[in-house]
There are 2 protein chains.
Amino acid sequence: MKIGELAKRCGLSAHTLRYYERIGLLPYADRDRSGQRDYDASILDWLEFLRRLKTTGMPIRDMLRYAQMRADGDETFSERGALLRKHRERVRTHLADLEACLRSLDKKIAFYGKAKQRTDADDGLHEHEDEDTAPRPGA
Amino acid sequence: MKIGELAKRCGLSAHTLRYYERIGLLPYADRDRSGQRDYDASILDWLEFLRRLKTTGMPIRDMLRYAQMRADGDETFSERGALLRKHRERVRTHLADLEACLRSLDKKIAFYGKAKQRTDADDGLHEHEDEDTAPRPGA
DNA sequence: CCTTGACTTAGAGCGCACTCGAAGCCCTAG
DNA sequence: CTAGGGCTTCGAGTGCGCTCTAAGTCAAGG
């Protein structure tokens, strides 16, 4: 598979795939006689794994650490596990925060829905103090 | 309340608070006779609202749109509601993606736990689905 | 009085993760 | 034979969201 097709399949641009290889997030791809990258389909699994790390907010430098550890072999096994567990904790925390934000957003939208696009939105306040301040939990 | 205290209370730096004012995310704060900003505690509500938008991934330019609409008054009421509903949809989608990523991460971590820090972790036998990873970077 | 520290401004600089451009090579279809 | 499209390299450029600097003002404490 050439880079164009891989790009289509994984959803990243060819530019980005080359960039990932340059920084070490992707292994150096074999080149055909004319120097073009020739990928094995298995690379898609790694790219999907990277996508999940990225989606969950892991910075590239940490993915790089993981990739490097992997390249370093078995002796880094438990360290890799630890990295992932630590990351999972951050993800869980973030997820909880997001859910709380979503509930606040729901409340605010409910307010917008109820208050019938009229002045009463401003339940008194003006300027920068209206309903936006929302019913806050704590603080 | 002066900017230093507001910074402490809201968790942003004074630099960032001034930056927010500059770009229009915070209203122009009243200055005391010596030119220093003097905040009302109510600004904390707005900052908390902004924090939630930020946490849920809204870019500053969209928060700015919202802030501008609010400043424009009641005629933008339904538009603001629409903006928030649209944002909520994106948040829900993202949340679902995150949860899926978290489940994959759980599986992978389970794999790391089971495979008792031995070779079999890497090389070839990653359950087709657990060890989505396969490369040897660098090179 | 004088120092300390928090504040003011406009603007420059930074880290991240891409994203693009330029110049050139190779293969294929017309 | 030639044009087109996709590929190559690598360095420069982009957009975001801060983050910091420099030079200066001001109020309080020793």
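Every value quoted in this text rests on a predicted model; they were computed, and no experiment measured them. Reminder, nothing fancy here: chain letters follow the sequence lines and each chain counts from 1.
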Quickly work out the [X] [atom1] to [N] [atom2] distance and round it to whole Å.
X: B:I23; N: D:dC16; atom1: CD1; atom2: P; value: 11 Å
X: A:L6; N: D:dT8; atom1: CG; atom2: P; value: 11 Å
X: A:L17; N: C:dA17; atom1: CG; atom2: C1'; value: 14 Å
X: B:D38; N: D:dA27; atom1: CG; atom2: C1'; value: 15 Å
X: A:R18; N: C:dA17; atom1: CZ; atom2: C1'; value: 17 Å
X: A:L47; N: C:dC18; atom1: CG; atom2: P; value: 12 Å
X: A:K2; N: D:dT8; atom1: NZ; atom2: C1'; value: 12 Å
X: A:M58; N: C:dC16; atom1: CE; atom2: P; value: 15 Å

Considering only heavy atoms and no angle criterion, is a donor-acceptor pair shorter than 3.5 Å present between the side chain of A:R22 and the base of D:dG11?
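In this structure, the two groups form a donor-acceptor pair.
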Who passes salt bridge (Lys or Arg N to Asp or Glu O under 4.0 Å) against A:R31, sequence neighbours left out?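 So A:R31 forms a salt bridge (Lys or Arg N to Asp or Glu O under 4.0 Å) with A:E21.
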Closest-nucleotide 5' rank along DNA chain C - winner of A:H15 and B:H15
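Per heavy-atom nearest nucleotide, the more 5' residue is B:H15.
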task = Report the residue (A:S13 or A:R33) whose heavy-atom-nearest nucleotide on DNA chain C is the more 5′ of the two.
result =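 It is A:S13 whose nearest nucleotide is closer to the 5' end.
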Report task. Go through C:dC16, C:dC7, D:dC7 for me and flag the one nearest to the A:R61 side chain. Result ->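 Of all the options, the side chain of A:R61 is nearest to C:dC16.
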Nucleotide nearest A:S34 when distance is taken to its side chain, options C:dT19, C:dT8, C:dC26 =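 Of the options given, the side chain of A:S34 lies nearest C:dC26.
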Ring geometry between B:Y66 and B:W46 (parallel below 30°, tilted from 30 to 60°, perpendicular above 60°):
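Plane angle under 30°, so parallel.
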Counting the atoms with a prime plus P, OP1 and OP2 as sugar-phosphate, which does A:R31 contact under 4.0 Å by heavy atoms, base, sugar-phosphate, or nothing?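 Sugar-phosphate contact only - A:R31 comes under 4.0 Å of backbone atoms but never of a base.
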Hey, is the side chain of [X] poking within less than 4.0 Å of OP1 or OP2 on [N], counting only N and O atoms?
X: A:Y19; N: C:dC20; value: no
X: B:R37; N: C:dC7; value: no
X: A:K54; N: C:dC18; value: yes

Output the distance between atom [atom1] ([X]) and atom [atom2] ([Y]), rounded to the nearest 0.5 Å.
X: A:R85; Y: B:Y112; atom1: CZ; atom2: OH; value: 10.0 Å
X: B:R90; Y: B:T56; atom1: CZ; atom2: OG1; value: 9.0 Å
X: A:I23; Y: A:R61; atom1: CD1; atom2: CZ; value: 11.5 Å

message = Nearest heavy atom decides the nucleotide; on that basis, is A:I3 or B:I60 closer to the 5' end of DNA chain D?
response =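 Result: A:I3.
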